[in-house]
2 protein chains.
Amino acid sequence: MSDLLERLRERGWRLTAQRRVVAEVLDGDHVHLTADEVHARAARRLPEISRATVYNTLRELVHRGEVLEVSTDGRAKRYDPNAHRPHHHLLCSRCGSMRDVRPTGDLLADLPPSQSFGFTVSEVEVTYRGVCPDCAG
Amino acid sequence: MSDLLERLRERGWRLTAQRRVVAEVLDGDHVHLTADEVHARAARRLPEISRATVYNTLRELVHRGEVLEVSTDGRAKRYDPNAHRPHHHLLCSRCGSMRDVRPTGDLLADLPPSQSFGFTVSEVEVTYRGVCPDCAG
DNA sequence: CCTTGCTTTAGATCCTGTCCAAGGTAGGGT
DNA sequence: ACCCTACCTTGGACAGGATCTAAAGCAAGG
């Protein structure tokens, strides 16, 4: 994730302690934190960081394609740093926890042109829902 | 949709003017209204109907499997009366409008067991994103 | 090291949706 | 036909998530 910050700096992003901490928090596999969770973890390293900055930074990272924003049925959005390898999500309908998954098959191709209704279709998102091991039983 | 009301009444649902109006509003193909839109349209026929009742009724209908609740990226949820024929959605990333689509292929089967992470997977939802004819250009 | 313009901040504000207590009413029972 | 009562509806308060604002702060090029 440090490469990320360098890359963004070269594209004119000002490098601040806050942005560094947010980027550090968003590191790893199967990381799907809500904005508030990001804020809480960032605040452990930088106690004065504000919620607004976390939201701003996340919005920027999403906008620049470095982080994926995943909506989860009315709950708080989650942020996924694994934006460069395409994947989908498996969502626990009880607790809202998520895992990254990679289904087989070409999903975009599964939509026949007759079903496009004149849209320029550019993206598919698949959400599998179920109950996670922790919530089962 | 009148069958719907009869069916529900037989299952012990009390039939009120408000519920009738909400059911009437939610009729047709490619209908994906937000709760507030449902309320606005219902109020044209029944001016005193309250937002709370619309939310309650929608929640009930979803719970009984008669209406589908579709989340759309942090915007207001939309309600889809076409719950009995399985289908997916094509969402305009500009204006949020939707169409029903029926992709080919068995999407649940596309998730290999190795990717289940111990979840009991029961549902797949596919969202195609693109730009609708009205927003293009 | 100074200046400029981008960033951060706290708090107000917005939007969606839920909760509450009080009054209203569908429809089974008589 | 009319009561009763449990279920419904209502408006307003409330809660959570996210955005906006104006003022103060600070990165980094000159």
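Computed from a predicted structure; not experimentally measured. Per chain, numbering begins at 1; letters A, B, ... match sequence-line order.
At D:dC26, none of the side-chain N or O atoms of A:Q18 fall inside 4.0 Å of OP1 or OP2 (strictly under the cut-off). Using a 4.0 Å cut-off, some side-chain N or O of B:T16 falls inside it from OP1 or OP2 of D:dT9. Look at B:Y55 and you'll find a side-chain N or O under 4.0 angstrom from OP1 or OP2 of C:dG17. For the pair B:R19 and D:dC8, the criterion of a side-chain N or O lying under 4.0 Å from OP1 or OP2 is met.
Distance, A:D73 CG to D:dG16 C1': 16 Å, rounded to whole Å. What separates CG of B:L8 from P of C:dG27 is a distance of 12 Å, to the nearest Å. One atom, CG of B:L15, and another, C1' of D:dT9, lie 15 Å apart when rounded to the nearest Å. If you measure from atom CG of A:L46 to atom P of D:dC26, you get 11 Å, rounded to the nearest angstrom. Following rounding to the nearest Å, A:I49 (CD1) and D:dC26 (P) show an atom-to-atom distance of 14 Å. Note: CZ (B:R20) to C1' (D:dC8) measures 13 Å, nearest angstrom. Rounding to whole angstrom units, CD of residue B:E37 and P of C:dG17 are separated by 11 Å. Rounded to a whole Å, the OH atom of B:Y79 is 12 Å from the P atom of C:dT16.
Among D:dC8, C:dG17, C:dA10, the nucleotide with an atom closest to any side-chain atom of B:A35 is C:dG17. Among the nucleotides D:dG17, D:dT19, D:dG11, the one closest to any side-chain atom of A:A76 is D:dG17.
Both B:K77 and B:R9 lie close to DNA chain C; mapped to their nearest nucleotides by heavy-atom distance, the more 5′-ward contact belongs to B:K77. With the nearest nucleotide of DNA chain C identified for both A:T57 and B:A52, A:T57 has the one nearer the 5' end. Remark on DNA chain D: of its neighbouring residues A:E69 and B:R14, the 5'-side contact belongs to B:R14, judged by nearest-heavy-atom nucleotide.
In this structure a side-chain-to-backbone donor-acceptor pair under 3.5 Å is present from B:R102 to B:P86.
Side-chain contact, A:H32 with A:D100: a donor N or O sits under 3.5 Å from an acceptor N or O. For B:E125 and B:H89, the side-chain atoms include no donor-acceptor pair closer than 3.5 Å.
The six-membered or imidazole ring of B:Y55 lies away from that of B:H39, with a centre-to-centre distance of 6.0 Å or more.
Salt bridge status for B:E69 with B:R59: absent, with no side-chain N to carboxylate O gap under 4.0 Å.
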